[in-house]
There are 2 protein chains.
Amino acid sequence: MRIGELAESTGVDVETVRFYEKSGLLPLPSREANGYRSYGKTHLERLAFIRHCRALDMPLADITRLLNFVDQPASDCGDINVLVDEQIVRVKARLKSMRALEKQLTVLRRQCGEPHSTQECGILHELVSAAHGEACACHAGH
Amino acid sequence: MRIGELAESTGVDVETVRFYEKSGLLPLPSREANGYRSYGKTHLERLAFIRHCRALDMPLADITRLLNFVDQPASDCGDINVLVDEQIVRVKARLKSMRALEKQLTVLRRQCGEPHSTQECGILHELVSAAHGEACACHAGH
DNA sequence: AGAAACCCTGTAGTCGCTACAGAGTCAAGC
DNA sequence: GCTTGACTCTGTAGCGACTACAGGGTTTCT
């Protein structure tokens, strides 16, 4: 299988496949006589694994560690739990701040219904008031 | 006011202040005889404005546009609404995918309660099954 | 006087790709 | 046989928003 086919069947960009190889996530494939990369089933599975982890927003460094576990079936899996737990903590934290962010933005958006001169724009007024150290509606309630 | 004081009173890193200057967000300050940057109240307010916008996760390019509006008080503010609306759309979309992500991760985490051999780890099993194109619990229900 | 804390410029690193530039290879159509 | 187009190769640079030096100069405190 050439790189284009591998990329196609995993929904990954060709450049990204080469990037994963360079980053050490994908093992070096064998080469055809012309120098083209030649992939097998194991590469396909490994790439699918990587994409699945990426869909869970795991950093590549963590995926590397997971792949090491996959390659050593006899090792203890305790660190895998830790790794997933850390990821959950990260996501939860981001989620919390995103929720606050959404609220702040909608409050801010309400400051200006109809377009008018910038001078009277409630949104800008809000943003500028922060610059004066005043309380602003969008960041008022923590 | 020197750069350290400015950074301190806005909660911004000194390097970040210089970065904002280089990016054209902060106007060039005057310099002391020794070459040190010298800031005034306007810089302080502008920097606070920038940080407030960044707290709303706006890209620097959008903040630049907002600052242009601030500098032209007579202009129409219609584009400001558009800008904020776009930001809200971005945040809502990210929020949605983050929520799905959290769910997927907690499902995944449940696959492995107690540490044991990697071979039997439910988490790895889930992740690997995706590599075989099978349905996985964490990405099962869309 | 000497050390710590500040300031300067400029460059490189982070993360996970993405987008070239410039070249070689291959299959199909005319 | 020759061109066109699609594929592949390597290597490097760019994104966004910083962060972290390296290698110097200046100020401030003791």
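Bear in mind that the values here come from a model prediction, so they are computed numbers and not experimental data. Here is the naming used below: chain letters follow the sequence lines, and residue numbers restart at 1 for every chain.
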*Kindly say if B/N34 contacts the phosphate of D/dT27, meaning a side-chain N or O under 4.0 Å from OP1 or OP2.*
yes

_Distance check needed: D/dC7 P versus A/M1 CE, whole Å only._
16 Å

*For A/I3 and D/dT10, give me the distance from atom CD1 to atom P, rounded to whole Å.*
9 Å

*Grab the CD-C1' distance between B/E5 and D/dT28 for me, whole Å please.*
15 Å

_Separation of C/dT14 P from A/D62 CG (nearest whole Å)_ = 16 Å

*Counting side-chain heavy atoms from CB outward, which of D/dT26, D/dT28, D/dC9 is closest to B/R2?*
D/dT28

*Starting from P on D/dC9, measure out to CG on A/L28 and report it in whole angstrom.*
12 Å

*Heavy atoms, side chains only, cut-off 4.5 Å: are A/H43 and A/T10 in contact?*
no

*Heavy-atom pair of closest approach, residues A/P59 and A/R90*: CD-NH2, 3.4 Å

*Flag side-chain contact, heavy atom, 4.5 Å: A/E86 against A/V82*: yes

_Separation of atom OH in B/Y36 from atom C1' in D/dT27, rounded to whole Å_ = 6 Å

*asked:* Using a heavy-atom cut-off of 4.0 Å across all strands, would you classify B/R37 as base, sugar-phosphate, or nothing?
replied: sugar-phosphate

*Would you say B/R31 reaches C/dT9's phosphate, i.e. side-chain N/O to OP1/OP2 under 4.0 Å?*
yes

*A/L6 CG to D/dC9 P, straight-line distance once rounded to whole Å*: 11 Å

Dump every N/O contact between nucleotides 16-18 of chain C and the protein below 3.5 Å, one line per pair.
{"from": "C/dG16", "atom 1": "OP1", "to": "A/L60", "atom 2": "N", "distance (Å)": "3.2"}
{"from": "C/dG16", "atom 1": "OP2", "to": "A/L60", "atom 2": "N", "distance (Å)": "3.4"}
{"from": "C/dC17", "atom 1": "OP2", "to": "A/Y20", "atom 2": "OH", "distance (Å)": "2.9"}
{"from": "C/dC17", "atom 1": "OP2", "to": "A/R54", "atom 2": "NE", "distance (Å)": "2.7"}
{"from": "C/dT18", "atom 1": "OP2", "to": "A/T16", "atom 2": "OG1", "distance (Å)": "3.3"}

*Is the shortest heavy-atom distance from the side chain of A/C77 to the side chain of B/C112 under 4.5 Å?*
yes

*asked:* So B/P27 and B/R46, do their side chains get closer than 4.5 Å, heavy atoms only?
replied: yes

*Does B/F19 reach the side chain of B/L25, with side-chain heavy atoms less than 4.5 Å apart?*
no

_Just checking B/R94: does its CZ atom have more than 12 heavy atoms from other residues, nucleotides or ligands closer to it than 6.0 angstrom?_
no

*For B/I63 and D/dG16, give me the distance from atom CD1 to atom C1', rounded to whole Å.*
12 Å

